[in-house]
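See below for the structure under consideration.
Ligands are counted one by one from 1 in listed order, and the atoms in each one are counted from 1 as well. Values in this document were obtained by computation on a predicted structure and should not be read as measured data.
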Amino acid sequence: MDNDIFKIAILGPENAGKSSIMNALFGKYVSLVSEVGGTTKMPIKRYWGKLKVGREKKQPKFVDVVFVDLGGLYVHEKQSPIMIGSVLEKTYEEIDDADMIVHVVDGKEGLSKSFEKLHHLLKFRYRKPIIVVVNKCDLLNDDERRRLKDYVEYRLGNRVLLVSAKTYEGINNLMDAILKYIKGD
Ligand SMILES: Nc1nc2c(ncn2[C@@H]2O[C@H](COP(=O)(O)OP(=O)(O)OP(=O)(O)O)[C@@H](O)[C@H]2O)c(=O)[nH]1
Ligand SMILES: [Mg+2]
């Protein structure tokens, strides 16, 4: 943990709904959303609030929770590392600096091999704690949800939360999972 700041980076492919999830977590419009890929260019950093951590009652410790909405990563299937445009450096800085990653999978597109690679790189080489969400679950029926969740969990070896930034389904679960991790419960 970097001083008393806890930084959570929201990462995923273009148009997966990263900014929409950020807005849902804040309950207001903090990051621009549009139907065109490549909307978020430079990382959008927003202060969420203060959180009491640990079990110490007499001298409680607090952290300042900050979310960073990253620009969508342009993925070339055969290339690694992931290629993105001119914001590459800034985006990598933010990833490197993050205390936790929220990896957003586009429920409509599924999980690509490049993001699978990036996920493992972040988890094993950079030792980042990662929460995986499949967004746009409002567009999936029960069967599709189950299949995609099983597939992503199998490929990434990570638990998956189904969310919809549109209907807010699962957004509380995501917030709970993030806060639970920070508080160390
Ligand atoms: N149906 C549905 N659409 C969604 C959901 N989340 C986002 N969208 C739509 O998906 C499109 C992209 O959303 P953004 O939040 O801008 O996506 P992003 O990942 O920030 O995109 P970039 O910044 O371009 O990388 C918009 O048209 C959103 O309205 C969702 O949960 N369900
Ligand atoms: Mg965006």
*Applying a 4.0 Å heavy-atom criterion (strictly less than), which segment of Asp138 is in contact with ligand 1: side chain, backbone, both, or neither?*
side chain
*Any atoms of ligand 1 less than 4.0 Å from a non-hydrogen atom of Ser20? List them with their elements.*
6 (N), 7 (C), 13 (O), 14 (P), 15 (O)
*Which is closest to atom 9 (C) of ligand 1 in terms of heavy atoms, Lys166, Glu35, Met22, Lys136?*
Lys136
_Strictly below 4.0 Å, N to O, side chains only: are Arg147 and Asp150 in salt-bridge contact?_
no
*Sub-3.5 Å donor-acceptor pair from the side chain of Asp138 to the main-chain atoms of Thr167, do we have one?*
no
_Any side-chain to backbone donor/acceptor pair from Asn15 onto Glu35? Under 3.5 Å, distance only._
yes
*asked:* Between Asn23 and Ser31, is there a side-chain donor-acceptor contact under 3.5 Å, judged purely by atom types and distance?
replied: no
*Is Val104 in contact with ligand 1, taking contact as a heavy-atom separation below 4.0 Å?*
no
*Could you list the atoms of ligand 1 found under 4.0 angstrom from a heavy atom of Gly37?*
24 (O)
*If you measure every N/O of Ala16 against every N/O of ligand 1, is any gap under 3.5 Å?*
yes
*Quick one: which ligand 1 atoms are inside 4.0 Å of a heavy atom on Leu139?*
1 (N)
*Which of the numbered atoms in ligand 1 are below 4.0 angstrom from a heavy atom of Val36?*
24 (O)
*Should the pair Glu169-Arg145 be classified as a salt bridge under the 4.0 Å nitrogen-to-oxygen rule?*
yes
_For the CD1 atom of Ile44 and the CD1 atom of Ile10, what is their distance to the nearest 0.5 Å?_
11.0 Å
*Taking the six-membered ring for Trp, are Phe26 and Phe67 ring centroids under 6.0 Å apart?*
yes
*Under 3.5 Å between some N or O of ligand 1 and some N or O of Val163?*
no
*asked:* Distance check below 2.8 Å: does Ser19 bring an N, O or S atom to the Mg ion (ligand 2)?
replied: yes
_Heavy-atom pairs closer than 4.0 Å: do any link ligand 1 to the side chain of Ser34, the backbone, both, or neither?_
backbone
*Geometric N/O contact Val33 with ligand 1, under 3.5 angstrom*: no
_Quick test of your reading of the model: are Asp64 and Lys50 salt-bridged, counting only N-O distances below 4.0 Å?_
yes
*Hydrophobic cluster membership, Tyr168 vs Val33, 4.5 Å side-chain cutoff*: no
_Within reach of ligand 1, part of Ile21 (heavy-atom separation under 4.0 Å)_ = neither
_Counting only nitrogen or oxygen atoms and a 3.5 angstrom limit, does Glu14 reach ligand 1?_
no
*Near Ser164, which atoms of ligand 1 are under 4.0 Å from a heavy atom of that residue?*
31 (O)
_Salt bridge present between Glu94 and Lys45 (N-O < 4.0 angstrom)_ = yes
